[in-house]
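Below, all heavy atoms of this structure are taken into account, side chains as well, without hydrogens, waters or symmetry copies. Starting from 1, each residue takes its place in the sequence as its number.
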Amino acid sequence: MEKKTKKATKPSRNDSESTIWSFLTQKGTTASFICITLFAILVRIAVSIHPYSGAGTPPKYGDYEAQRHWMEITLNLPVREWYRNSTVNDLKYWGLDYPPLTAYQSYIHGLFLRYFDPQSVELYTSRGYESYIGKLLMRWTVLLSDVLIFFPAVIYFIIVYYSGIHEGSKSGRLWQFAMILLNPCLILIDHGHFQYNCISLGLTVAAVSAILSDRDIVGSILFSLALNHKQMSAYFAPAFFGYLFGKCLRRHNPFLEVLKLGLAVLGTFTVLWWPYLYSLEAPFEVLSRLAPFERGIYEDYVANFWCTTSVIVKWKRLFSTQALRILSLVSTVSTCLPSMLLLILAPSRRNFLFGLLSSALSFYFFSFQVHEKSILLPLLPASFLAIDEPLIFRWLTYFALLSMFPLLRRDELIIPYVALYGLFVLLYNAPVQREDTKQTRSPFTTLKYFVIACSLLLHIVYFMIAPPRRYPFLFEAVMMLLCFSQFFFIFMYTNMKQWELLKLSSQTVREKKNI
């Protein structure tokens, strides 16, 4: 029998598009994705029936009241007054401190609340409003935002990632999809504590997906939207810049490529900031609200460099706010610069994902005014790498949960915390072909178990035992020290991986030259 051979041809754009979307139409795959999606929605609803930040604690309540108040302000005041202190907008009472896209989102959500429960967004009289219908509607705004923005973005990422970057099994795709959608930290913060991180993170996921599929202009626009929803999205900016700039330098006309991306970003910012471009002072009014330096370099207990080392070095006492601002800026730039340069030198897709994680951790460690919730940003790229670097993903998730435990305990979210922690462990250990399932027992296995045991012990001690009167925050300090040490290990590992990818890229270039 004769064997016919065909010459390999490069697939066309249309063929590529067909391949990208084909696995969603394969038998059984669609049903599995729908089941995971419905289960993820059900988990969010279950968490949302528990308390939220500041429930029943006047005079300022908490993050729930802040989000509701922004709806009240954006509905009842002209757009130019949203960020301006006045007799009708007291900025000391939860004044808007996020970019314009958050304000527009608050306005849209406010319309939803006003339609069903007008009292919940009335000016002045709605402060501290906590009716049953009001709380139900607020929870629904988060759930709808999650389902309409974060969920589709994650599906887009899975499609792109398993079409051109990673050749994985069907079970691997479903596993990673579940890991991202059922991330316990994001669910606890958004649907328990009460925030809208799903919007900015969803836009970031969509931006990463677009860039990985070589839609750089679309990705730049989406990331600009994420930046304009929450300024903390800047944690990813060095990685985006390094990867896109590195790609542009390798194009036929680098200047034109950079110009196109620059115009896309500038155009997006112009549209979103248009209501505040009527004078030179107006944009700076908004910007001053986005950088609350008066709050100090950190709040509460957060597992970053400044808070962890404050046990030994009293940063707030030894340095002025201005000095700490400069110190923070220099530290952040100097630690994320190597990763960004590695991306410029070797702009591969895999390097981009490691760069996102490294950059986010740099900002988390050293930037000004970091919150416990900020660990959600490094967790996002870690979940992108979950199938290839499962230990890093698992480790970061475990200690991200521990770092937020004091906050969630204050919010009385212990039951959903324990439930989601257990669910994560159960799903993570599902029988899926990952890198860690191929590895044999290593010398570090005992050490890993020991660290996990310490983490679990700290949970019990913090919950059951009162700290010494002389050191009321002793347990929090120990928790942050343990979490910081693990986060720093991950940071060093991601930088090492980027160096390896640079060497591999250089070796590939040399081999091509020798052919």
>> I'd like to check the side-chain contact (heavy atoms from CB on, under 4.5 Å) partners of Ser358; sequence neighbours left out, ordered by chain and number.
In response: Ser339, Phe491, Thr494, Asn495, Gln498
Under 4.0 Å between a Lys/Arg side-chain N and an Asp/Glu carboxylate O for [X] and [Y]?
X: Arg350; Y: Asp388; value: yes
X: Lys247; Y: Asp214; value: yes
X: Lys230; Y: Asp97; value: no
X: Lys497; Y: Glu389; value: yes

>> Could you work out, with ring-ring contact (aromatic ring centres under 6.0 Å, His included) as the rule, every residue matching Tyr276, not counting sequence neighbours?
In response: Tyr83
> Which residues satisfy the ring-ring contact (aromatic ring centres under 6.0 Å, His included) test with Phe293, sequence neighbours excluded?
Replying inline: Phe368
> Among Ile211, Val205, Leu212, which residue meets the side-chain contact (heavy atoms from CB on, under 4.5 Å) test with Val208?
Replying inline: Leu212
Is atom [atom1] of [X] surrounded by more than 12 heavy atoms (other residues, nucleotides or ligands) closer than 6.0 Å?
X: Phe255; atom1: CZ; value: no
X: Phe112; atom1: CZ; value: yes
X: Tyr104; atom1: OH; value: yes
X: Met492; atom1: CE; value: no
X: Leu280; atom1: CG; value: no

>> Using the rule given for side-chain hydrogen bond (donor to acceptor under 3.5 Å, both in side chains), can you reason through Ser362 versus Tyr235, listing the C-alpha separation, both sets of side-chain angles and the distance that settles it, and then say yes or no?
In response: CA-CA 8 Å; Ser362 292; Tyr235 282 33; over 6 Å; no
>> The test is side-chain hydrogen bond (donor to acceptor under 3.5 Å, both in side chains); show your working for Trp140 and Ser48 and say whether it passes.
In response: CA-CA 9 Å; Trp140 270 101; Ser48 69; over 6 Å; no
> Should the ring pair Phe305 and Phe366 be called parallel, tilted or perpendicular, given that the plane angle runs from 0 to 90° and is split at 30 and 60?
Replying inline: tilted
>> Tell me whether the rings of Tyr243 and Phe352 are parallel (<30°), tilted (30 to 60°) or perpendicular (>60°).
In response: parallel
> Where do His191 and Asp146 land on the side-chain hydrogen bond (donor to acceptor under 3.5 Å, both in side chains) test, with the steps shown first?
Replying inline: CA-CA 10 Å; His191 299 272; Asp146 215 345; 2.7 Å; yes
Assess, by modelled atom type and distance only, whether the side chains of [X] and [Y] contain a donor and an acceptor separated by less than 3.5 Å.
X: His193; Y: Gln195; result: no
X: His50; Y: Glu412; result: no
X: Ser120; Y: Arg68; result: no

>> What verdict does the ring-ring contact (aromatic ring centres under 6.0 Å, His included) test give for Phe365 and Phe484, after you've listed the backbone C-alpha separation in whole Å, the side-chain angles of each residue and the deciding distance to 0.1 Å?
In response: CA-CA 8 Å; Phe365 288 150; Phe484 173 73; 5.3 Å; yes
For residues [X] and [Y], determine if any side-chain heavy atom of one lies less than 4.5 Å from a side-chain heavy atom of the other.
X: Thr397; Y: Pro184; answer: yes
X: Leu174; Y: Ile36; answer: yes
X: Ser145; Y: His109; answer: yes
X: Asn304; Y: Phe487; answer: no
X: Phe399; Y: Ile490; answer: no
X: Tyr364; Y: Leu377; answer: no
X: Trp273; Y: Leu287; answer: yes

> Which residue pairs pass the salt bridge (Lys or Arg N to Asp or Glu O under 4.0 Å) test with at least one member in residues 175-186, sequence neighbours excluded?
Replying inline: none
>> Going by salt bridge (Lys or Arg N to Asp or Glu O under 4.0 Å), name the pairs with one or both residues in residues 358-385, residues two or more places apart or in two chains.
In response: Asp63-Lys373, Glu372-Arg410
> Does NZ or CZ of Arg409 fall inside the cone over Tyr417's six-membered ring, less than 6.0 Å from its centre and within 45° of the axis?
Replying inline: no
> With a cut-off of under 6.0 Å to the ring centre and 45° to the axis, is Arg127 in cation-pi contact with Tyr93?
Replying inline: yes
Show the nearest heavy-atom pair for residues [X] and [Y], with the distance to one decimal.
X: Ile217; Y: Ala264; result: CG2-CB, 3.9 Å
X: Ala103; Y: Thr74; result: O-CG2, 3.6 Å
X: Leu396; Y: Pro378; result: CD2-O, 3.7 Å
X: Ser106; Y: Met71; result: O-CG, 3.3 Å

>> Taking the ring centre of each residue, are Phe241 and Phe245 less than 6.0 Å apart?
In response: yes
> What do you reckon, are the aromatic ring centroids of Phe157 and Phe384 less than 6.0 Å apart?
Replying inline: yes
Do side-chain atoms of [X] reach the backbone of [Y] as a donor and acceptor pair under 3.5 angstrom?
X: Lys60; Y: Ala66; result: no
X: Ser359; Y: Leu356; result: no
X: Arg139; Y: Gly192; result: yes

>> Pair Tyr162, Gln176 - check side-chain hydrogen bond (donor to acceptor under 3.5 Å, both in side chains), show working.
In response: CA-CA 11 Å; Tyr162 285 93; Gln176 188 165 12; 2.6 Å; yes
>> Rounded to the nearest 0.5 Å, what separates atom CE in Met404 from atom SG in Cys185?
In response: 3.5 Å
> Between atom CD1 of Ile392 and atom CG of Leu385, what is the distance when rounded to the nearest 0.5 Å?
Replying inline: 9.0 Å
>> Taking salt bridge (Lys or Arg N to Asp or Glu O under 4.0 Å) as the definition, give me every residue that meets it alongside Glu285, ordered by chain and number, with sequence neighbours left out.
In response: Arg84
